[in-house]
Amino acid sequence: MTSTMMNNNKSSSTLPESMQRMITPHYEQIVNEIENIYHHPDIGLVTIARWLGLSIMAPNKKISILLIGNHSAGKSSLVNWYIEDNVQRTGVAIETQGISIITSGKRRESLMGPATMRLFPYLDPLGNIPGLLNYLTTEISSSKQKKFPIVSFIDTPGLVDGAMAYPFDVEQAILWLGNHVDLIFVLFDPIGQALCKRTLTLVEQLNKSNPEKMHYYLAKADEAGSDRDRHRVLMQIVQNLCRQPEISKTNFDMPTIYLPDLAKETRCTNQIHEVCSTIDHTVFSGVQKSLNTLHNDCKRLEECINERLVLHEKTQVKHRSWSIKLSIVQFISLLLVILSFILLLRRYLETSHLKIPIVFLDESSTSWQINSTLNSIDDFLFYPAYSLLLLIIFVNGLIFFIGRFIKNRQKDVLNAREKKMFIAFKHHLETNVGVKQKNLYESFLAEAID
């Protein structure tokens with residue numbers, strides 16, 4: 001196995017020159033920068049969206065590839081070859097009994113079910129499948145070969161017919177994963193297991209909902225015998241696949257692949273480079289999707305902030321208009337209360353022992369003028385009794401306090417702190433994020449075209 005992995009460079013040299021120029025570190029830098037833009041603790045897009053009451057998710061940092069196939073189809077061996085690290089056990093016996101996620105990290109580690117769920121939150125629904133959590137693991141490798149730093153493989157148990165009992169509902173788990181991965185690799189073993197009914201049924205269901213993700217390979221093609229035997233095996237597999245209604249509606253290719261080994265001579269055509277090409281193209285598309293998602297999310301956040309700021313300004317204008325109207329009403333009400341109170345006080349003084357004889361008042365005195373004015377008001381308003389004066393005071397006082405209550409209840413869309421923060425968010429999106437987004441796009445296109 002080690003010798004075959006060391007020969008990876010020779011096999012990968014068959015890739016097109018354009019793909020050879022797509023170096024992983026560059027794309028890894030782009031997706032890492034996008035990740036930082038989304039998850040910055042203070043001004044990340046996720047934080048801004050939370051303040052706006054929106055829900056956005058950062059695009060996936062890595063593409064995910066689901067590997068399915070019959071027992072001993074070479075799924076784990078393909079993973080080990082691609083990353084050039086023996087993280088998965090291989091052999092004729094069923095080695096992979098659970099679902100294993102192989103991803104890149106700083107050092108070699110193994111994670112169990114709960115830790116895997118924390119590392120990949122989107123897998124939470126899988127926890128509803130009884131028994132699966134105990135058979136869910138993550139293998140972390142420090143390998144930086146090919147595009148592995150931005151690729152995650154999901155290895156599944158080998159499928160067999162008969163009374164084979166799995167510790168969890170394998171079909172349900174694989175179907176769920178098929179809806180949430182970027183690629184689905186179906187590996188067929190030419191040594192009698194390719195026609196496994198369980199595999200064919202599952203492939204048909206996956207093809208029905210995710211035809212664009214499906215890729216079929218005849219694994220271990222060098223062990224299929226002569227060219228005639230190999231073609232016969234291919235024909236049998238294709239015929240059985242085409243018997244499935246959903247698969248027969250689509251065109252598909254089935255490259256023959258095997259792990260290169262210079263110590264073993266074979267005339268079989270090895271198309272394993274197509275596996276690398278498919279992954280490279282998906283990585284290329286994945287980075288494009290991430291950049292497009294970043295652009296759309298920034299535009300969405302900017303529009304939402306602008307809407308909030310415009311609504312805030314309109315609300316402030318409306319509140320100012322209402323405040324002026326309420327102030328006028330309050331002023332009139334207060335004036336009526338004061339006049340009514342003065343008239344009430346005057347009537348009280350006239351009917352009490354403190355009554356001031358008008359005959360002794362000089363017409364030029366201030367008291368006489370006030371008394372004359374009050375008489376005129378009294379005659380004009382026709383206040384007949386204390387009860388009406390008290391009612392006027394009560395009603396206008398109530399109107400005054402209702403106006404005050406309404407003014408106090410008026411609230412702006414944003415307070416001063418929020419307005420200042422949203423303006424800062426808008427500036428950050430238009431300048432910092434906008435410039436970064438433009439530079440990332442230019443860098444991405446330059447790498448793809450040059």
Side-chain angles (χ1 to χ4, degrees), residues 8 11-12 15-16 19 22 24 27-28 30-31 59-70 73-83 87-88 96 99-104 120 122-123 126 138-139 141 143 145-159 170-171 173-188 199-200 202-219 241 246-247 250-257 259 271-293:
N8 160 63
S11 63
S12 62
L15 288 172
M19 287 297 168
M22 294 182 185
T24 297
Y27 286 129
E28 187 178 3
I30 292 177
V31 296
N60 291 330
K61 188 177 179 180
K62 302 181 179 183
I63 69 165
S64 51
I65 303 173
L66 178 64
L67 301 173
I68 68 171
N70 50 279
K75 302 182 296 297
S76 299
S77 298
L78 179 63
V79 173
N80 291 343
W81 171 82
Y82 186 85
I83 70 176
V87 297
Q88 290 293 87
T96 306
I99 294 176
S100 181
I101 301 175
I102 302 91
T103 191
S104 177
F120 302 100
Y122 76 94
L123 295 178
L126 285 180
T138 296
E139 300 297 334
S141 171
S143 171
Q145 299 301 318
K146 306 180 182 68
K147 299 294 188 296
F148 183 56
I150 46 179
V151 174
S152 291
F153 292 96
I154 303 178
D155 196 4
T156 59
L159 302 173
V170 174
E171 287 88 347
I174 291 178
L175 289 174
W176 187 92
L177 288 168
N179 293 326
H180 295 83
V181 297
D182 300 284
L183 290 172
I184 302 174
F185 286 174
V186 183
L187 274 62
F188 293 103
T199 302
L200 295 177
L202 195 56
V203 167
E204 180 185 16
Q205 293 175 325
L206 288 170
N207 190 83
K208 181 178 180 180
S209 55
N210 306 282
E212 73 286 350
K213 301 178 183 179
M214 305 296 292
H215 294 271
Y216 304 91
Y217 300 97
L218 179 64
L241 285 173
E246 292 298 330
I247 301 179
T250 60
N251 296 324
F252 62 88
D253 188 19
M254 188 177 295
T256 56
I257 65 173
L259 302 186
Q271 297 173 289
I272 198 168
H273 65 276
E274 294 197 11
V275 174
C276 299
S277 296
T278 299
I279 295 175
D280 290 344
H281 282 296
T282 306
V283 167
F284 184 83
S285 299
V287 176
Q288 285 189 82
K289 291 178 182 178
S290 296
L291 289 170
N292 291 338
T293 301

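Since the model is a prediction, treat every value here as computed from it, not as a measurement.
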Chemist: Do Ser76 and Asp155 pair up side chain to side chain, a donor and an acceptor below 3.5 Å, judged on atom types alone?
Modeler: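 There is such a pair between these side chains.
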Chemist: Any non-hydrogen side-chain atom of Phe153 less than 4.5 Å from a side-chain atom of Lys75?
Modeler: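 No, every pair of side-chain atoms sits at 4.5 Å or beyond.
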Chemist: Has Asn292 got a side-chain atom pairing as donor or acceptor with Gln288's backbone, closer than 3.5 angstrom?
Modeler: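 Here the side-chain-to-backbone pair exists.
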Chemist: Quick one, Ile83 and Ile102 - any side-chain contact, counting heavy atoms below 4.5 Å?
Modeler: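 Of all side-chain heavy-atom pairs linking Ile102 with Ile83, at least one is under 4.5 Å.
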Chemist: If every non-hydrogen atom of Ser290 is compared with every non-hydrogen atom of Pro59, which pair is closest and at what distance?
Modeler: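 Where Ser290 meets Pro59 most closely, the heavy atoms are OG-CB, 3.7 Å.
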Chemist: Kindly give the heavy-atom pair with the smallest separation between Ile99 and Ala173, and that separation in Å.
Modeler: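 Nearest heavy atoms, Ile99 then Ala173: CD1-CB, 3.8 Å.
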Chemist: Thr138: what forms a side-chain contact (heavy atoms from CB on, under 4.5 Å) with it, not counting sequence neighbours?
Modeler: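 Only Ile101, Thr103, Leu111, Thr116, Leu119, Phe120, Ile140 meet the side-chain contact (heavy atoms from CB on, under 4.5 Å) criterion with Thr138.
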Chemist: Does Val87 offer a backbone N or O that forms a donor-acceptor pair with the side chain of Glu139 under 3.5 Å?
Modeler: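 Not at all, since once roles are kept as given, no pair shorter than 3.5 Å links the two residues.
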Chemist: Could you pull out all residues at least two apart from Asp182 that satisfy side-chain contact (heavy atoms from CB on, under 4.5 Å)?
Modeler: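 For Asp182, the residues satisfying side-chain contact (heavy atoms from CB on, under 4.5 Å) (neighbours in sequence not counted) are Ile63, Ser64, Thr282.
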Chemist: Hey, mind stepping through His215 and Ile184 against side chain to side chain contact (heavy atoms under 4.5 Å, CB included) and telling me if it holds?
Modeler: CA-CA 6 Å; His215 294 271; Ile184 302 174; over 6 Å; no
Chemist: What verdict does the side chain to side chain contact (heavy atoms under 4.5 Å, CB included) test give for Leu67 and Ile154, after you've listed the backbone C-alpha separation in whole Å, the side-chain angles of each residue and the deciding distance to 0.1 Å?
Modeler: CA-CA 6 Å; Leu67 301 173; Ile154 303 178; over 6 Å; no
Chemist: Roughly how far apart are Lys62 NZ and Phe148 CZ, rounded to 0.5 Å?
Modeler: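 Between atom NZ of Lys62 and atom CZ of Phe148 there are 6.5 Å.
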Chemist: Nearest 0.5 Å, what's the CD1-CG distance between Ile30 and Leu291?
Modeler: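 Here the rounded value is 6.0 Å.
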Chemist: Where do Ser209 and Asn179 land on the side chain to side chain contact (heavy atoms under 4.5 Å, CB included) test, with the steps shown first?
Modeler: CA-CA 8 Å; Ser209 55; Asn179 293 326; 3.6 Å; yes
Chemist: To the nearest 0.5 Å, what is the distance between CD (Glu28) and NZ (Lys61)?
Modeler: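 Nearest 0.5 Å value for the CD-NZ distance: 7.0 Å.
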Chemist: Is any side-chain heavy atom of Leu218 closer than 4.5 Å to a side-chain heavy atom of Ile257?
Modeler: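 A side-chain contact is absent here, since even the closest heavy-atom pair is not under 4.5 Å.
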Chemist: When you compare the side chain of Leu206 with that of Ile68, does any pair of heavy atoms fall below 4.5 Å?
Modeler: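 The answer is yes; the side chains approach within 4.5 Å.
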Chemist: With sequence neighbours excluded, tell me which residues meet side-chain contact (heavy atoms from CB on, under 4.5 Å) with Lys289.
Modeler: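 Lys289 satisfies side-chain contact (heavy atoms from CB on, under 4.5 Å) with no other residue.
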Chemist: Does any N or O in the side chain of Lys213 come within less than 3.5 Å of the main-chain N or O of Leu66, such that one atom is a donor and the other an acceptor?
Modeler: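 Checked: no pair found.
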Chemist: Test side chain to side chain contact (heavy atoms under 4.5 Å, CB included) on Ile272 and Leu259; report intermediate values, then the result.
Modeler: CA-CA 8 Å; Ile272 198 168; Leu259 302 186; 4.1 Å; yes
Chemist: Can the ring centroids of Phe185 and Tyr216 be said to lie less than 6.0 angstrom from one another?
Modeler: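 Between Phe185 and Tyr216, the centre distance exceeds or equals 6.0 Å.
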Chemist: Rounded to the nearest 0.5 Å, what's the gap from CD on Gln145 to OH on Tyr82? Could you check?
Modeler: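 These two atoms lie 10.0 Å from each other.
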Chemist: Once rounded to the nearest 0.5 Å, what's the spacing between atom CG of Leu183 and atom CG of Asn210?
Modeler: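 Between atom CG of Leu183 and atom CG of Asn210 there are 11.0 Å.
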Chemist: Would you give the length of the straight line joining atom CE of Met214 to atom CD of Glu212, rounded to the nearest 0.5 angstrom?
Modeler: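 Separation between the atoms: 10.0 Å.
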Chemist: Would you say that Tyr217 contacts Val275 through its side chain, given a criterion of any heavy-atom pair below 4.5 Å between the two side chains?
Modeler: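 The answer is yes; the side chains approach within 4.5 Å.
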